[in-house]
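Reading through the structure tokens given below for one structure.
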Amino acid sequence: MIAGVVRGREVTGDLVLEVDAVVVGTGAGGSVALRELARAGLNVVALEEGPCSTSGELTQREDEMLPLLFQDAGARMTQDLAIRVLQGRGVGGSTVHNTNLCKRTPDEILDLWARRYGVLGAAPGDLRPAFEAIERDLSVSEIDAPMRNANNDALRAGCEALGWRGGPLKHNRVGCQQSGFCELGCAYDAKQNALKIVVPQAVIAGARVYSDVTVLRLSHDGARVTGVHAEARDAAGLPRARVEVLAPVVVLAASAVGSPALARRSGVPDPYGQLGRGLRMHPGAIAAGRFDREIAGWRGIPQSYECTEHLSHEEGSDERVWIVPAFAHPIGAAATLPGFGAAHMAGMRAYSNLAVLTAMVHDETSGEVAVDDDGGPVLRYAMSEADRRQLAKGLVACARLLLAAGAREVTIPAVPALRVRTVAELERLDLAVIRPHSVPMTAVHPMGTMRMGEDPHKSVVRSTGEHHQLRGLFVADGSLFPTSIGGPPQISIYAFALHLAPHVVERARGR
Ligand SMILES: Cc1cc2nc3c(=O)[nH]c(=O)nc-3n(C[C@H](O)[C@H](O)[C@H](O)COP(=O)(O)OP(=O)(O)OC[C@H]3O[C@@H](n4cnc5c(N)ncnc54)[C@H](O)[C@@H]3O)c2cc1C
Ligand code: SF4
């Protein structure tokens, strides 16, 4: 437990807090906004709906960690049930269970946002100081080759055999024991994330943090935000006390799903129908290669090498697939591998000899976060035909990489399952089979539902992060992005929160 974090489940009576600013959510974006407000000497509080976990509580068991660390216990889905959407819940947000890959927003994407979406002051040169500062804070470094496990080495071998573009990734780990359980939180406290680094820095600077407190709605008069109404919950998730925060500045950092859902259920003005629109998520699917040798992909750093042969960030490109390893723990693997009964058992018996790659689409599909009758998020996302083709192309590329690395057989868990042993078989595949509902898809990078830009007809917040219509309402999470970024987003989210923090501070000082 971080000193200074108050557990909402221990709050004994209703609370009314009067502060300069309140931050909703403590993930990548919220932690930085909170820290910068506190460092500017402002009276600031963060409300986080999930718990505050210590590394000692992170048992690395799927059955215990999925309910503890993930929204909807890891079962959040798009409305049509085609894509599983994984997101974090708790102090540190999705940075607690993410796989620690660190890449900056590509220059082409920042240029596109300026050119097409009217984002001001966020050119590559403008963002550089924020990227450098965040990378220093989180001790970002390249993952050394000796730390590459056999699953990642299969991807490297495939890239080298085919002459495809690939290379090592960067991460924010120090003292990593290579236990391989990053997606369930780190029991060894090796992750230099929002939970370990940024939130404690914020608390040292004077910020207050409440965990287990869900913000139900924002209060506003149609022109200015005035605070939030929230509810502290007990360990079973039942309401325990009401929490009201009075503040002239509210920073939304509840993720690209949580922030628009909260804004929608609060009746935030939306004269041009932009709120919640533009949802992107890098949907991905996997291909698994069975090798004659042991791979033991559950051991070691899960992702340390990437293939960018089919990834371009240029606008309109037909190369929009990012390939990285994606080894699943036993329950996840059993749920993904195709077949029933003896056939499924045979697949699981080969578990230790599997190498698994994922193709993630740098998506153009524009989805939406709406709300249901109870105010909960509804994710509408109907994958476009162009993105479906990218997914199919990506899975074929994964299969080629695995075969080139020496896999005896590659399985794409479609319905019916696709199995190939040679490139010739791969070339004969009917790729129309690879489509939503026929292949299990997962997305871990929701973005873009409260987009920034200067034109209120096309965006929800200004380039400063402040809402076009509601003074004092800021966004500081992945919702800001006008498009997909085609790579791991955490560094971009931390950096944008830092880059925009001076505007939030200025408003909280009453200017
Ligand atoms: C399995 C997995 C692996 C990943 N791996 C990587 C990786 O290697 N590299 C990378 O760059 N990115 C990775 N990501 C993505 C990355 O972690 C996220 O993009 C990033 O953390 C999002 O930051 P955020 O601030 O937008 O939201 P989050 O970090 O998700 O934080 C939002 C917080 O808001 C809280 N919240 C929501 N609603 C409310 C409410 N009403 N009241 C109070 N609090 C609320 C949530 O509980 C949560 O803690 C991964 C994600 C997943 C799921
Ligand atoms: S691989 Fe490293 S960072 Fe990941 S859970 Fe294990 S010790 Fe922690």
Side-chain angles (χ1 to χ4, degrees), residues 8 22-33 46-52 55 58 60 69-71 74 76 84-104 147 149 169-195 210-218 228 230-231 252-259 261-262 265 281-282 299-304 324 326 332 375-377 442-447 449 475-481 485 487-494 496-497:
V22 54
V23 179
V24 184
T26 55
S31 61
V32 171
L47 304 181
E48 164 56 57
E49 76 171 329
C52 185
S55 52
L58 304 177
Q60 307 204 322
L69 299 179
F70 288 82
Q71 296 287 352
R76 179 166 275 178
R84 183 182 181 210
V85 182
L86 288 172
Q87 289 194 278
R89 186 176 181 280
V91 175
S94 304
T95 76
V96 176
H97 64 255
N98 76 17
T99 42
N100 295 81
L101 302 184
C102 296
K103 278 179 98 170
R104 296 182 184 185
M147 294 177 105
N149 71 4
L169 286 156
K170 291 185 174 175
H171 68 161
N172 55 325
R173 295 178 179 87
V174 173
C176 172
Q177 303 299 306
Q178 300 176 55
S179 71
F181 284 83
C182 305
E183 288 193 13
L184 301 177
C186 182
Y188 304 94
D189 220 9
K191 294 180 168 198
Q192 310 300 297
N193 55 16
L195 174 63
Y210 286 83
S211 65
D212 315 291
V213 174
T214 302
V215 177
L216 303 175
R217 59 178 203 283
L218 313 174
V228 302
E231 197 165 64
L252 275 181
S255 87
V257 172
S259 292
L262 175 54
R265 65 177 179 260
M281 54 171 87
H282 295 158
R299 282 199 206 113
I301 291 180
Q303 294 170 326
S304 55
V324 280
T442 302
V444 295
H445 300 158
M447 294 161 278
T449 47
V475 173
D477 61 17
S479 317
L480 288 167
F481 298 172
I485 63 170
Q490 66 166 351
I491 289 297
S492 303
I493 297 171
Y494 281 116
F496 263 95

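Counting from 1, the numbers follow the sequence of the chain as shown. Atoms within each ligand, like the ligands themselves, are counted from 1 in listed order.
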Considering only heavy atoms, does [X] approach ligand 1 within less than 4.0 Å through its side chain, its backbone, both, or neither?
X: Val91; result: neither
X: Leu86; result: both
X: Met447; result: neither
X: Val24; result: side chain
X: Lys103; result: neither

Shortest protein heavy-atom distance from [atom], along with the residue and atom involved:
atom: atom 1 (S) of ligand 2; result: Gly180 N, 3.3 Å
atom: atom 4 (Fe) of ligand 2; result: Cys182 SG, 2.2 Å
atom: atom 3 (S) of ligand 2; result: Arg173 NE, 3.3 Å
atom: atom 31 (O) of ligand 1; result: Gly27 CA, 3.4 Å
atom: atom 43 (C) of ligand 1; result: Glu49 N, 3.3 Å
atom: atom 2 (Fe) of ligand 2; result: Cys176 SG, 2.3 Å
atom: atom 50 (C) of ligand 1; result: Asn98 CB, 3.4 Å
atom: atom 26 (O) of ligand 1; result: Gly478 N, 3.1 Å
atom: atom 20 (C) of ligand 1; result: Ile493 CD1, 3.9 Å

What distance separates [X] [atom1] from [Y] [atom2], expressed to the nearest 0.5 Å?
X: Ile301; Y: Ser179; atom1: CD1; atom2: OG; answer: 9.5 Å
X: Asn98; Y: His171; atom1: CG; atom2: NE2; answer: 12.5 Å
X: Gln303; Y: Asn149; atom1: CD; atom2: CG; answer: 10.0 Å
X: Ile491; Y: Arg104; atom1: CD1; atom2: CZ; answer: 9.0 Å
X: Met281; Y: Leu86; atom1: CE; atom2: CG; answer: 11.0 Å
X: His97; Y: Lys191; atom1: NE2; atom2: NZ; answer: 7.5 Å

> Please walk me through it: do Gln71 and Glu49 pass side chain to side chain donor-acceptor pair (under 3.5 Å)?
Replying inline: CA-CA 10 Å; Gln71 296 287 352; Glu49 76 171 329; 3.3 Å; yes
With heavy-atom distances below 4.5 Å as the criterion, would you say the side chains of [X] and [Y] are in contact?
X: Thr26; Y: Tyr210; result: no
X: Leu58; Y: Leu184; result: no
X: Glu48; Y: Val91; result: yes
X: Tyr188; Y: Arg173; result: no
X: Lys103; Y: Leu169; result: yes
X: Leu252; Y: Val475; result: yes
X: Phe481; Y: Ile493; result: yes
X: Ser304; Y: Met147; result: no

In terms of atom number and element, which parts of ligand 1 are under 4.0 angstrom from non-hydrogen atoms of [X]?
X: His97; answer: 1 (C), 2 (C), 52 (C), 53 (C)
X: Thr95; answer: 21 (O)
X: Asn100; answer: 7 (C), 8 (O)
X: Thr99; answer: 3 (C), 4 (C), 5 (N), 6 (C), 7 (C), 8 (O)
X: Gln71; answer: 46 (C), 47 (O)
X: Val444; answer: 1 (C), 2 (C), 15 (C), 50 (C), 51 (C), 52 (C), 53 (C)
X: Asp477; answer: 24 (P), 25 (O), 26 (O)
X: Gly93; answer: 29 (O), 31 (O), 48 (C), 49 (O)

Selected option - heavy-atom contact closest to [atom], from [options]:
atom: atom 30 (O) of ligand 1; options: Gly29, Ser94, Pro489; answer: Ser94
atom: atom 46 (C) of ligand 1; options: Glu183, Arg217, Glu48, Arg265; answer: Glu48
atom: atom 6 (Fe) of ligand 2; options: Ser179, Cys186, Gly300; answer: Ser179
atom: atom 32 (C) of ligand 1; options: Ala326, Gly25, Ala253; answer: Ala253
atom: atom 40 (C) of ligand 1; options: Leu47, Val215, Asn193; answer: Val215

> For His171, is the nearest heavy atom under 4.0 Å from an atom of ligand 1?
Replying inline: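 His171 does not count as a contact of ligand 1 under the 4.0 Å cut-off.
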> Counting distance only, does the side-chain N/O of Ser94 pair as donor-acceptor with the main-chain N or O of Gly88 below 3.5 Å?
Replying inline: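 Confirmed, Ser94 side chain pairs with Gly88 backbone.
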> Just by distance, do the side chain of Asp477 and the backbone of Gly29 share a donor-acceptor pair under 3.5 Å?
Replying inline: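 It does not hold such a pair.
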> Which atom names give the shortest non-hydrogen contact between Val23 and Ala253, and what distance separates them?
Replying inline: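 So the two residues come closest at CG1-CB, 4.5 Å.
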>> Show the atoms of ligand 2 that are less than 4.0 angstrom away from any heavy atom in Tyr188.
In response: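 Every atom of ligand 2 under 4.0 Å from some heavy atom of Tyr188: 7 (S).
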> Near Phe181, which atoms of ligand 2 are under 4.0 Å from a heavy atom of that residue?
Replying inline: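 What qualifies from ligand 2 is 5 (S).
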> Hey, mind stepping through Asn172 and Asn100 against side chain to side chain contact (heavy atoms under 4.5 Å, CB included) and telling me if it holds?
Replying inline: CA-CA 6 Å; Asn172 55 325; Asn100 295 81; 3.0 Å; yes
Ignoring angles and geometry beyond distance, decide whether [X] reaches within less than 3.5 Å of ligand 1 through its nitrogen or oxygen atoms.
X: Thr214; value: no
X: Arg89; value: no
X: Leu101; value: yes
X: Gly90; value: yes

>> Report whether any nitrogen, oxygen or sulfur of Gln177 sits less than 2.8 Å from atom 6 (Fe) of ligand 2 (N, O or S, backbone or side chain).
In response: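 It does not; every qualifying atom lies at 2.8 Å or beyond.
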>> Please work out, at 4.0 Å between heavy atoms, whether the side chain, the backbone, both, or neither of Gln60 comes within that distance of ligand 2.
In response: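 It is the side chain that touches ligand 2; the backbone stays farther off.
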> Are more than 12 heavy atoms from other residues, nucleotides or ligands located less than 6.0 Å from atom CZ of Arg217?
Replying inline: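 Open: at most 12 neighbouring heavy atoms sit under 6.0 Å from CZ of Arg217.
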